[in-house]
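Here is how names work: the chains are called A, B, and so on, in the same order as the sequence lines, proteins then strands, and each is numbered from 1.
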Amino acid sequence: MYKERKVRNRVIAAAEAKSPPLPPVSGSSTITPTIRKSGSIEEKKTGKKFLEGATIGILPLNNCNARVTLLSERITEFGGVPLPYRKNTMMSFDKATHIVVNFETPIKDIVTFCRTDADKAFLRDSLPKIKYVRCKWLSESFTKGVRMSEDDYSINALLQEEITRAEVQEHLHKYRRSTSFRDATVPSNSQRETNLAKKDGEAKIADKSQPPKSSGTVSPADVSSGWKRNLNEDDSSDYEDSSGEVSDEEEDLDSSREKETLVRSGSGSFTVSDSLKEKYICAQASSSGTKNLNEHLTVPLEKLMNTHKSQGQEFRAMAYGKAISALRNFPKKIQRAEDVGSLRNIGGSILSKITEILENGTCQKVDNLCVDDEVNKAIALFCNIHGVSSKTAIKWASAKLRTLEELSTKVTLNRAQVIGLKHYHDFLDRIPRSEVEEIEKTVKGAALDLQKGLEIVTCGSYRRGKPTCGDVDILISHPDGKSHRNLFGPLLEKLRTSEFLTDDLSISEESSQKKYLGVCRLPKEDSKFRRLDIIVVPYCEFGCALLYFTGSAYFNRSMRAYAHKLSMTLSHHSLNRNVVRMKKVKISDGEPFPNLTTEKAIFECMGLPYREPADRDH
DNA sequence: GGTCAGCAACG
DNA sequence: CGTTGC
DNA sequence: GACC
Ligand SMILES: O=c1ccn([C@H]2C[C@H](O)[C@@H](COP(=O)(O)OP(=O)(O)OP(=O)(O)O)O2)c(=O)[nH]1
Ligand SMILES: [Mg+2]
C-alpha cells in the first residue's frame, strides 16, 4: 500500500542537430523539372485563379517577413488562401492544404523547427493530409501561370524519413557519450530535513523539489528562445539560389554554455552538471514495454557475454552486459554499423563485432571464442548450477568432469550446490507472472496471519513488469516501525510446516534486515520448484530496501556508482552522505539521510528524476 | 592505468 | 579468506 | 571491454 504517484517523465528533448548537416538531398535546383519558361508572363497576367481551394501555409523558416508577405500576396492573387505562421506553433497551419518551405531549408531543419511536442505531433500527423512542398512549386506555378503538380516538389516522404531519424537521434542524444550541460541540484541533508519538517505527506516533498531540476532533459524553453531570435534575424536568403549554410548555430550556442561543471554551493546542497548525470543509466528510463528490435545483435553478444562470465572475466562480461542493454533500448532495428552512432557503452571492440554480425550474420569471435568444445560446454553447464560460478566450474572442468551426473560422486558439493543440482532444470525455467502471484499470495497469507498491517511487495523482475521471472522476490515490512521484528522466524516456520518451503539456500538473520533465500513449491500436481527470496526489513529502511529489491541489478549498480560520485553511498539499508573515501577505501561512513521510506525520497536526495519500476529495466 | 556497487552467507 | 548470491 |  505504499503509494507512489505516477509521474511519467517522458519529456522529449529537442532533437539537437548533432548529426552532420546532411546536404539537402532534395536540392530543389537539381531535381526541379526543367520546364520551358515560355509565355509565362501573359498567362500570369490573365489572373487565372489556379490556386482556388488551396489553403497555403508558409513556413517562416529561412523566409524573411518581406518574403512571406510577397508570397501571401501572390497566393491571394491566384485565388489561394495564404496562411501565416502565428503564435509560434504549427497549429496555425491546422486548416492548410499545403505548406510551402523555402527551397534551401534542409529537411532536418524543418523537423528540428517543430520542437514542441505539439508541433512534432502536428508534423507527424499532418503528413498524410497536408502537402509539404518546396516554394519552387509556387514560383514555377506563378511563372507558368498554371498549377504545377505538387508531386514534383513534395517533401512529405523526406520529412517522414527525417522524423524517424530524428527520433533515433533524440534517443542517441540521451545516451551519447557526452551530451548537454545544464545543472541539476542535489538537495543537502539539511535542506531535506527542512522539507520534512514542513511536510505532512510524502508526496509533497517529492513535488516540492522538482522546480530546480531540469528533469533530465534539455529545457525546451531555453532552446526555443534562442530560435525565435534566429528566426527573426534571419533575413539572409531570399531568392532561389543563394546556398547559405544556415542552421548549426544552436550547437555553438549550446557549447558556449558548457562551463557549468561541478559547482559546490553553500548550505550543503550542490549542483551537478547534467552531462555528468546523464552518463549514468539510472538517470534514464529504460524503454519499457517496447520490444527489443535488435535481437539479431543482442543474442550473439549475450552468448559472448556468458562465455566471458563463465571464464571469470567479470568486467569484460559486464561491459558486454551494458552494451547489450544499450542495444535493447535502442528504438530502431540496427541495419548498418553507422546506425549505432556513438551509443554509450559500445566501444570499438564491440562495434567491430556488431559490424561483423551485420555483414556475415555471425561473428568470428563468437564462433572462435565460444567454440563449444567439451571443456567450454562443461563450464557453461556447471555455471548454471545455483551455487556454482566460474571458479568452481573451471576447477571441475579442468578435473575432467563433464556431466552433472559425475558431480555428486566426484566432488564435494556445498549445501546450495546440492540443492542447485537437484533442481537444475526447474531453476533454469522462468516463472510466469500468474504463478508468481500465487506464490506471493501464499507468503502474504501466512505473514498476515502472524501479523496484521504488514506491507508486502513482490519486487525484482515482477515489479518491473516482466512477463516471466527467474525467481520470486518478496519484501515485507511494517509501517509502525516495529511489528516486523518477530516475524521472520515464525513466518519461515509456518511456511515450512505447510510444506511450501522445500529447501533453504541461505538465511541471514544477523543484520537489521532478515533475508531468506530458498526453494518453494505450490501444492499442485506437476508444479515446479521455484527459488524464493524473502526479506523482512524495518520500516525506516523500507525505501532503500524496496529500491534495491526492485532492481534491476544494473540499475542498482549505476545508481550506487552515481551516489559514490556524489560522495554518498547507497545500499539496501540507507543512503549516506558525506562519505569520505581515500582512493578506494572508505574512511568515514558519513551520515544516513533519515526517513527514506519511499523510493521517491531517494531519487530526490540524489537529484535524479524518479523512475517507475518498469523504467528501471536496464 | 584505475575503476567498474555494496553487502551478506557459507565453508 | 575466497566464492557465490541478491 | 568501456570510459575517464
Ligand atoms: O547482483 C545483484 C543481483 C540482484 N540485485 C537486486 C536487484 C534485483 O532486481 C533484486 C532481485 O534479484 P534477482 O536476482 O531476483 O533479479 P531480478 O531482477 O528479480 O531478475 P530475475 O527475473 O532473474 O529474478 O536484487 C542487486 O542489487 N545486485
Ligand atoms: Mg528475481
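D:dG1 atom C1' lies 15 Å from atom CG of A:L343, rounded to whole Å. Taking atom CD1 of residue A:I350 and atom P of nucleotide D:dA2, one finds them 4 Å apart after rounding to whole Å. The CD atom of A:E509 sits 10 Å away from the P atom of B:dA9 (whole-angstrom rounding). Going from atom CD of A:Q417 over to atom P of B:dA9 covers 18 Å, rounded to whole Å. Following rounding to the nearest Å, A:K515 (NZ) and B:dA9 (P) show an atom-to-atom distance of 9 Å. The CG-P distance, from A:L505 to B:dA8, rounds to 19 Å in whole Å. Taking atom CD of A:E278 as the reference point, atom P of D:dC3 lies 15 Å away to the nearest angstrom. Atom CD1 of A:I354 and atom C1' of D:dA2 are 13 Å apart (whole Å).
Within the 4.0 angstrom heavy-atom criterion, no nucleotide atom of any strand lies near A:I535. Residue A:Q513 is out of contact with every strand shown, counting any heavy-atom pair closer than 4.0 Å. Using a 4.0 Å heavy-atom cutoff across all strands shown, A:I385 reaches sugar-phosphate atoms only and no base atom.
Classification of A:R616 and A:E599 as a salt-bridged pair holds, one side-chain N sitting under 4.0 Å from a carboxylate O. Classification of A:D617 and A:R328 as a salt-bridged pair fails, no side-chain N sitting under 4.0 Å from a carboxylate O. Residues A:R530 and A:D426 are not paired through a salt bridge, judged by the lack of any N-O separation under 4.0 Å between the basic side chain and the carboxylate. Using a cut-off of 4.0 Å between Lys/Arg side-chain N and Asp/Glu carboxylate O, A:E438 and A:K441 are scored as not salt-bridged. For the pair A:R402 and A:E374, the salt-bridge criterion is met [side-chain N within less than 4.0 Å of a carboxylate O]. Salt-bridge check for A:D503 with A:K422: passed, with a basic side-chain N closer than 4.0 Å to an acidic carboxylate O.
Proximity note for A:R344 (side chain, C-beta onward) versus D:dC3, B:dG11, D:dA2: the nearest is D:dC3.
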Does the protein touch nucleotides 2-7 of chain B at the base, only the backbone, or not at all? Give it as B, S and - per nucleotide, heavy atoms under 4.0 Å. -SBBBS
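OP1 and OP2 of B:dA8 both lie 4.0 Å or more from every side-chain N or O belonging to A:S508.
Straight-line distance between the C1' atoms of D:dG1 and B:dC7: roughly 26 Å, to the nearest whole Å. Nucleotides C:dC6 and B:dC4 place their P atoms 23 Å apart, quoted to the nearest Å.
For the residue pair A:S286/A:D615, the side-chain donor-acceptor check at 3.5 Å is not satisfied. Side chains of A:N376 and A:T307: a donor-acceptor N/O pair is absent below 3.5 angstrom, by distance only.
In plain terms, the two heavy atoms of A:S477 and A:F542 that are nearest each other are CB-CD1, 3.6 Å.
A:H423 and A:F427 have tilted rings, their planes meeting at an angle from 30° to 60° on a 0 to 90° scale.
From the 5' end on, the contacts that DNA chain C makes with chain A at under 4.0 Å to a non-hydrogen atom open and close at C:dT3 to C:dC6.
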